[in-house]
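This report concerns only the one structure given below.
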Amino acid sequence: MPELPEVEVTRRALEPLVGRRIRAVVVREPRLRWPVPPELAGFVGRRLRAVRRRGKYLLLDCGGAHLILHLGMSGSLRLVRAGTPAGPHEHVDIAIAGRLVLRLRDPRRFGAVLCTGGAPEMHPLLAHLGVEPLAPEFDGARLHALARGRRISIKQLLMDARRIAGLGNIYASEALFLAGIHPARRASSLSAACCARLARAIRRTLRAAIRAGGSTLRDFVGADGTTGCFQLHARVYGRAGEPCRRCGAPIRRFVQGQRASYYCPRCQR
DNA sequence: CCGACAACCTGTGAGC
DNA sequence: TGCTCACAGGTTGTCG
């Protein structure tokens with residue numbers, strides 16, 4: 001379920017580990033989106049300096065060298081106590097001083113665990129990521145500039161990580177509803193005022209989702225993993241046929257760029 | 001530049 | 001109950 005807010009909530013949950021050393025790395029299944037590199041073993045003994053996020057990537061700064069984590073479609077991280085037996089699809093453990101284990105579970109194995117000795121933003125997967133939607137420089141003007149001259153639909157622009165990093169299918173849909181913009185609208189057709197409204201809607205949607213997930217942070221350590229974290233009161237996503245929460249018209253679903261899109265035909269133009 | 005499509009995987013829920 | 005099918009929150013790469 002991970003889009004930017006879920007990754008950010010996870011990042012915050014890992015912050016208390018900063019300052020501790022990595023005691024061991026266990027890879028039970030290296031076949032993720034890309035093979036888990038054997039160089040991971042070289043992180044044993046390193047101290048965790050910071051936990052950052054770039055788009056949907058988690059960056060564990062180990063003093064120069066970085067671990068790069070991506071949760072893909074179905075990945076999640078949990079902190080468990082050392083000695084906890086691994087369940088199905090729990091592919092990678094990063095054992096931390098203090099009898100804790102950072103455990104990656106990823107049934108579909110679309111996630112990734114990678115590492116780099118250089119600057120993580122230079123890593124090929126991160127080098128071409130676009131603007132952070134929660135960074136101060138992301139505003140209506142920036143969005144308007146990104147959309148100028150683009151013939152693609154606004155929803156596909158929002159989900160293009162090379163332009164805006166971290167927006168996925170759910171939050172793109174929800175933000176477009178909040179801004180009253182039809183997902184199939186040509187990006188270049190949005191006025192500056194429209195872009196300002198949309199940029200605000202994006203930030204508001206992401207912040208609300210982070211807040212909702214953040215309230216369950218306490219459950220992160222030692223939870224059974226099935227706690228309904230990250231619950232979102234979806235206004236359109238996954239609600240085809242159900243009444244719009246604002247006007248009552250039935251929510252519609254259509255396929256756009258291979259992904260399901262949901263919108264209210266009356267509220268979104 | 002753009003859209004369409006396939007690929008990587010497994011789990012789940014709907015319908016029969 | 002058990003089977004089959006459609007579909008799922010991400011990303012990369014190819015083709016026309």
Side-chain angles (χ1 to χ4, degrees), chain A residues 1-11 28-36 53-58 68-77 86-92 104-114 123-130 133 145-177 183-189 202 205-206 208-210 212-213 216 225-242 253-262:
Chain A
M1 20 158 71
E3 291 188 34
L4 186 153
E6 290 75 26
V7 178
E8 176 61 20
V9 168
T10 302
R11 188 196 70 74
R28 280 176 291 273
E29 173 55 85
R31 295 175 302 166
L32 302 186
R33 180 74 167 82
W34 295 278
V36 178
R53 179 187 58 75
R54 178 75 172 103
K56 294 169 193 160
Y57 292 89
L58 271 178
I68 302 174
L69 274 51
H70 195 289
L71 300 177
M73 294 267 263
S74 58
S76 61
L77 283 171
H89 311 301
E90 297 189 331
H91 304 311
V92 178
L104 173 73
R105 178 185 133 96
D106 186 3
R108 287 178 77 181
R109 290 196 271 123
F110 285 2
V113 179
L114 300 167
H123 190 278
L125 287 174
L126 307 187
H128 302 110
L129 289 179
L146 285 171
R148 190 167 56 199
R150 311 300 313 289
R151 303 177 63 82
I152 52 171
S153 69
I154 183 58
K155 174 155 179 271
Q156 295 195 265
L157 182 107
L158 295 185
M159 291 176 57
D160 182 351
R162 289 168 310 174
R163 300 194 159 76
I164 303 170
L167 270 189
N169 205 23
I170 294 180
Y171 296 110
S173 299
E174 294 296 310
L176 284 165
F177 172 80
R185 273 275 295 276
R186 184 179 284 194
S188 59
S189 78
I202 289 168
T205 305
L206 294 177
I210 291 170
T216 64
T226 59
T227 50
C229 271
F230 316 142
Q231 280 160 354
L232 172 82
H233 190 62
R235 292 174 173 85
V236 289
Y237 185 84
R239 300 191 61 240
E242 295 173 42
R253 176 192 191 273
F254 72 109
V255 175
Q256 193 178 16
Q258 318 285 103
R259 312 296 297 276
S261 276
Y262 301 86

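Each chain gets a letter, A, B and so on, in the order its sequence line appears, and its residues count up from 1.
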message: Work out how far the P atom of C/dA6 is from that of B/dC5, and round it to whole angstrom.
response: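 Comparing P positions in C/dA6 and B/dC5 gives a spacing of 16 Å.
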message: If I pick the P atom on C/dT4 and the same atom on B/dC9, what distance separates them, to the nearest angstrom?
response: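 Each nucleotide's P atom is 22 Å from the other's.
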message: Strictly distance-based, threshold 3.5 Å: is any side-chain N or O of A/Arg109 a donor or acceptor partner for the main-chain N or O of A/Arg31?
response: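 A pair under 3.5 Å: yes.
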task: Answer yes or no: is there a donor N or O on one side and an acceptor on the other, between the side chain of A/Glu174 and the main chain of A/Tyr237, under 3.5 Å?
output: yes
Name the closest nucleotide to the [X] side chain, picking from [options].
| X | options | value |
| --- | --- | --- |
| A/Arg109 | B/dT10, C/dA8, C/dG10 | B/dT10 |
| A/Arg150 | B/dC1, C/dG10, C/dT11 | B/dC1 |
| A/Ile152 | C/dT12, B/dA6, B/dG3 | B/dG3 |
| A/Phe110 | B/dC8, C/dT12, C/dA8 | B/dC8 |
| A/Arg253 | B/dA4, C/dG9, C/dC7 | C/dC7 |

message: What is the separation between atom NE2 on A/His70 and atom P on C/dG9, rounded to the nearest whole Å?
response: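 In whole Å, C/dG9 P lies 14 Å from A/His70 NE2.
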- request: Find the distance A/Leu206:CG to C/dG9:P and express it as a whole number of Å.
  value: 17 Å
Taking N or O atoms only and anything under 3.5 Å, show me the protein contacts with nucleotides 11-16 of chain B, one pair per line.
| from | atom 1 | to | atom 2 | distance (Å) |
| --- | --- | --- | --- | --- |
| B/dG11 | OP1 | A/His89 | NE2 | 2.3 |

Categorize [X] for me: base, sugar-phosphate, or nothing, with a 4.0 angstrom heavy-atom threshold over every strand shown.
| X | value |
| --- | --- |
| A/Leu71 | nothing |
| A/Arg33 | base |
| A/Arg31 | nothing |

query: Looking at A/Trp34, A/Tyr57, A/Phe110, which one forms a ring-ring contact (aromatic ring centres under 6.0 Å, His included) with A/His70?
result: A/Tyr57
query: Of all of residues 155-165 of chain A, which get a heavy atom below 4.0 angstrom from DNA chain C, listed by number?
result: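 Within residues 155-165 of chain A, no residue comes under 4.0 Å of DNA chain C.
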